[in-house]
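Step one of this worksheet: look at the structure below.
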Amino acid sequence: TSIGCYERTLALLIEKYAGAFPLWLAPTQVKILPISENFAQYAKSVESALRKAKIRVEVDNRAEKIGYKIREAQLEKVPYMLIVGEKEVEAGAVAVRSRKNGDLGQILKDAFVENITKEIKDKVANMTNKEAARFVGEQIAKLAKKKKITQVVFDRGGYLYTGRGG
């Protein structure tokens with residue numbers, strides 16, 4: 001069966017990033033991890049603030065230990081984890097863990113929303129069509145070198161890969 005241009009591009013990106021997508025591309029950009037069920041309401045308010053800013057967010061309200069929730073979020077390769085507990089509720093803040101940099105400490109909820117929104121907008125605004133085309137071209141070249149594809153056909157603005165190698 002033939003796979004469409006978008007599916008092939010998505011497969012290329014998954015292979016390139018090994019599932020650890022950059023923040024602007026990640027399906028779940030932030031995962032909120034309440035320490036216990038007592039903080040679920042505050043977690044929902046943080047989720048609401050992030051959704052209002054158009055951030056893709058999930059809340060893990062399961063009755064599991066926080067270490068387990070953090071480990072699972074790391075395995076899911078979520079760019080940011082927000083841990084919320086008693087100290088964070090009292091301060092109107094969130095404890096931030098980054099996939100790349102680990103524990104970043106506590107930051108005010110509104111400041112985090114502002115920072116993450118700026119980080120996403122800066123990356124997307126700074127990527128020109130030329131840069132995006134170069135990126136895709138580089139990835140195709142790498143696949144061709146590994147003999148995963150032997151021919152690339154450009155059609156209506158998308159790449160179609162044919163002639164897969166052994």
Side-chain angles (χ1 to χ4, degrees), residues 4-140 142-143 158:
C5 168
Y6 297 111
E7 289 84 0
R8 290 176 193 265
T9 303
L10 184 58
L12 180 79
L13 290 170
I14 291 169
E15 183 175 339
K16 152 86 173 133
Y17 290 111
F21 295 112
L23 176 63
W24 60 273
L25 186 60
T28 301
Q29 296 168 315
V30 176
K31 193 157 204 171
I32 303 169
L33 310 171
I35 289 179
S36 75
E37 296 162 1
N38 300 338
F39 308 107
Q41 189 62 37
Y42 183 68
K44 282 288 185 192
S45 75
V46 173
E47 177 189 29
S48 176
L50 288 165
R51 285 196 190 280
K52 194 178 284 186
K54 307 241 187 282
I55 305 300
R56 295 183 295 275
V57 60
E58 292 179 5
V59 177
D60 186 348
N61 277 323
R62 296 175 303 153
E64 298 286 351
K65 292 182 178 180
I66 192 65
Y68 181 76
K69 291 181 184 182
I70 290 170
R71 179 71 180 134
E72 281 204 333
Q74 288 173 330
L75 291 173
E76 292 171 9
K77 301 181 180 182
V78 177
Y80 285 104
M81 294 157 268
L82 304 181
I83 293 90
V84 294
E86 187 175 345
K87 292 178 187 175
E88 289 77 23
V89 171
E90 289 172 2
V94 292
V96 182
R97 285 186 67 88
S98 165
R99 178 181 64 212
K100 289 182 191 174
N101 304 319
D103 188 4
L104 301 177
Q106 199 177 76
I107 184 171
L108 291 175
K109 175 178 71 172
D110 294 336
F112 177 77
V113 172
E114 185 179 316
N115 291 347
I116 192 171
T117 304
K118 183 180 182 325
E119 184 178 342
I120 292 167
K121 284 182 180 174
D122 286 351
K123 176 58 184 173
V124 173
N126 291 331
M127 182 178 260
T128 65
N129 287 340
K130 185 177 178 181
E131 289 172 326
R134 185 181 67 221
F135 168 77
V136 172
E138 288 169 355
Q139 300 313 308
I140 291 169
K142 285 179 185 176
L143 288 174

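Count residues from 1 along the sequence.
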d(F21 CZ, R99 CZ) to nearest 0.5 Å is 9.5 Å
V30 vs V78 side-chain heavy atoms within contact, under 4.5 Å:
no
Kindly check if the number of other-residue, nucleotide or ligand heavy atoms within 6.0 Å of CD (E64) is above 12?
yes
Evaluate whether atom CZ of R71 has more than 12 neighbouring non-hydrogen atoms of other residues, nucleotides or ligands under 6.0 angstrom away.
no
Donor-acceptor contact below 3.5 Å, side chain S48 vs main chain S45:
no
Look at the side chain of R56 and the backbone N and O of P27, then say whether any donor-acceptor pair between them is shorter than 3.5 Å.
yes
Please, which pairs that meet ring pair (Phe, Tyr, Trp, His ring centres under 6.0 Å) have at least one residue in residues 65-123, sequence neighbours excluded?
Y80-F112
Gap between atom CD1 of I70 and atom CG of L33 - 0.5 Å precision
6.5 Å
Do side-chain atoms of E90 reach the backbone of K87 as a donor and acceptor pair under 3.5 angstrom?
no
Q29 (side chain) donor-acceptor with L23 (main chain) under 3.5 angstrom:
yes
Short question: side chain of K31, backbone of K69 - any donor-acceptor pair under 3.5 Å?
no
If I take atom CD from residue E88 and atom CG from residue L82, how far apart are they, to the nearest 0.5 angstrom?
10.0 Å
Close side-chain approach of L104 and I107, heavy atoms under 4.5 Å:
no
Minimum heavy-atom separation for A40 and P34, please, with both atom names.
N-CB, 4.4 Å
Minimum side-chain heavy-atom gap M81-Q74 below 4.5 Å
yes
Look at atom CD of Q106 and say whether more than 12 heavy atoms of other residues, nucleotides or ligands are closer to it than 6.0 Å.
yes
Taking the side chain as C-beta and beyond, is there a heavy-atom pair between I120 and I55 under 4.5 Å?
yes
The reported gap from CD in E119 to CD in E114 (rounded to nearest 0.5 angstrom) is 13.0 Å
Enter the distance from K118:NZ to I116:CD1 here, rounded to the nearest 0.5 Å.
13.5 Å
State whether K44 and E47 are salt-bridged, where the test is any N-O pair (Lys NZ or Arg NE/NH1/NH2 against Asp/Glu carboxylate O) under 4.0 Å.
yes
